[in-house]
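First comes the structure, then the notes that go with it.
Everything quoted here is computed from the prediction, not taken from an experiment. Quick note on labels: first sequence line is chain A, next is B, and so on, each numbered from 1.
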2 protein chains.
Amino acid sequence: MSDQREKILSCACDLYERLGLEGFSMRKLAKAVGVTAPAIYRHYDGRDAVLGDVLREAHRTFARYLYAALGEPTPLGRFAAAGQGFIDFVIEHPRWYGIMHTGHENLGMDHPPEDIESMQAAVHQFWVDRVRECQQAGILKEGDPEELSITMWAHAHGMAQLFRHGCFPVQQEEFRMLFKQSNARLMSGVATPEFAAEYSAMLRDVEVAVGQGD
Amino acid sequence: MSDQREKILSCACDLYERLGLEGFSMRKLAKAVGVTAPAIYRHYDGRDAVLGDVLREAHRTFARYLYAALGEPTPLGRFAAAGQGFIDFVIEHPRWYGIMHTGHENLGMDHPPEDIESMQAAVHQFWVDRVRECQQAGILKEGDPEELSITMWAHAHGMAQLFRHGCFPVQQEEFRMLFKQSNARLMSGVATPEFAAEYSAMLRDVEVAVGQGD
DNA sequence: GTCTATAATCCGATAGAC
DNA sequence: GTCTATCGGATTATAGAC
């Protein structure tokens, strides 16, 4: 990759972080790089090609934040460090986290590039592996690690998105605490043992009522 | 409200559902309504005014889906019905759920309108009330109902967003099941009792290591 | 490889006739 | 209340000189 193309990509990442998808234009990118707009086309086929590279860079960086956890010696250590890496990435690169979940169609792509899809699959497998080894260590409950991953993924993703959109009236450091505390609740559960009994009783009542309706 | 303004709002909601924020324009809206663009300006001050009404309609409908749960006779019944209403709304109005979390600045507003903010506050209070009455009924664990709400909110929001963006390879009905199953895991917790002991031991080791580093 | 100049669209919004 | 016509500006992208 030429130096100039690297410089363009770097400026494109900054520009995207500052202005998001709608504010991103080839003219502004050119001004940021210090050239005129047509010069960009010598290095990229068009706007979508630039955004595709920004997306790739986001995924690469995200994976790097997570995989750093593999340096820890224990399953629980890797698990906790991966969560830490996740929240670090969200706080330090909020727009990148956004572009990774914006959908390829918004970036002018019919299908996401193959290499990006394989990065996503690898990250998914990474989480499943973290969950499985914690199950084997007796730290997480038994069950399909894929399903367990979904629950934890949804919770982390929801926390990240609500923070990014200003739904929590907190700053970065407070958010780290909020995230950890909420994770602790997810770990130990929010319901009492009473819940399961009441809930199954309620479902039984519904079935009875439906049965009577026939 | 005049008939024509209602028709414009209806078409605007459809247009937004189909094309999202970037594809939404006054010209396309006019074509959908069956008039020319300037005619819209007789009923709305501009694009942002239309989008503001779309946003308001989304919040109104969302609240209606949730508040239907108040017809249930028990705390657990209201709690479960509210969750059902939430997921129904997400499945039936995915773009509306999106616009509600897109941030007012993306809609050309400095501040969200007061009436919309008060609807948001009311919905927030609705969830806290559902949690509190379930706590009082012994179905949810004790603790600050606001904090408990955050955890459940983040999980539900994350599930909704991941579904909307196609991260789950499932259709609508399968997603309902996925959501319920994941909620069940959130209720009962994902970690074993072993987790807390290991985790606090790990934190202690970290503190010791940090202490040695001084 | 970069420039100037420009084509071709799209946009929001307005003026004035009817 | 709607129309035609138009302004002023943004965008992506290209042609051709240097």
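Minimum interatomic distance between B:L162 and A:A154 (heavy atoms only, all atoms of both residues): CD1-CA, 3.9 Å.
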One character per nucleotide, please: for nucleotides 12-18 of chain C, 5' to 3', B when the base has a protein heavy atom closer than 4.0 Å, S when only the sugar-phosphate does, - otherwise. BBB----
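Here the two rings, on A:H157 and B:H157, have centers that are 6.0 Å apart or farther. You'll find the ring centres of A:Y97 and A:Y65 outside the 6.0 Å limit.
For B:R5 and D:dT2, the CZ to C1' distance is 18 Å, given to the nearest whole Å. Atoms CD (A:E22) and P (C:dC10) sit 18 Å apart, rounded to a whole Å. Per the geometry, CG belonging to B:L19 stands 14 Å off P belonging to C:dC10, to the nearest Å. Look at CG on A:L29: it is 16 Å from C1' on D:dA10, rounded to the nearest Å. Taking atom CG of residue B:D3 and atom P of nucleotide D:dG1, one finds them 11 Å apart after rounding to whole Å.
Nearest nucleotide to the side chain of B:H43, out of C:dC3, D:dG1, C:dG1: D:dG1.
Judged by distance alone, the side chain of B:S182 and the main-chain N or O of B:L178 form no donor-acceptor pair under 3.5 Å.
In this structure, A:R64 fails the cation-pi test against A:F62, since its NZ or CZ atom is not both closer than 6.0 Å to the six-membered ring centre and inside 45 degrees of the ring normal.
Between B:D88 and B:R176, at least one side-chain N (NZ, or NE/NH1/NH2) sits under 4.0 Å from a carboxylate O, which counts as a salt bridge.
The side chain of A:T36 contributes an N or O atom lying less than 4.0 Å from OP1 or OP2 of C:dC3.
Crowding of A:E142 atom CD: a count of heavy atoms from other residues, nucleotides or ligands under 6.0 Å not exceeding 12. Around atom CD of B:E22, more than 12 heavy atoms belonging to other residues, nucleotides or ligands sit under 6.0 Å away.
Less than 4.0 Å separates DNA chain C from no heavy atom of any residue of residues 102-110 of chain B.
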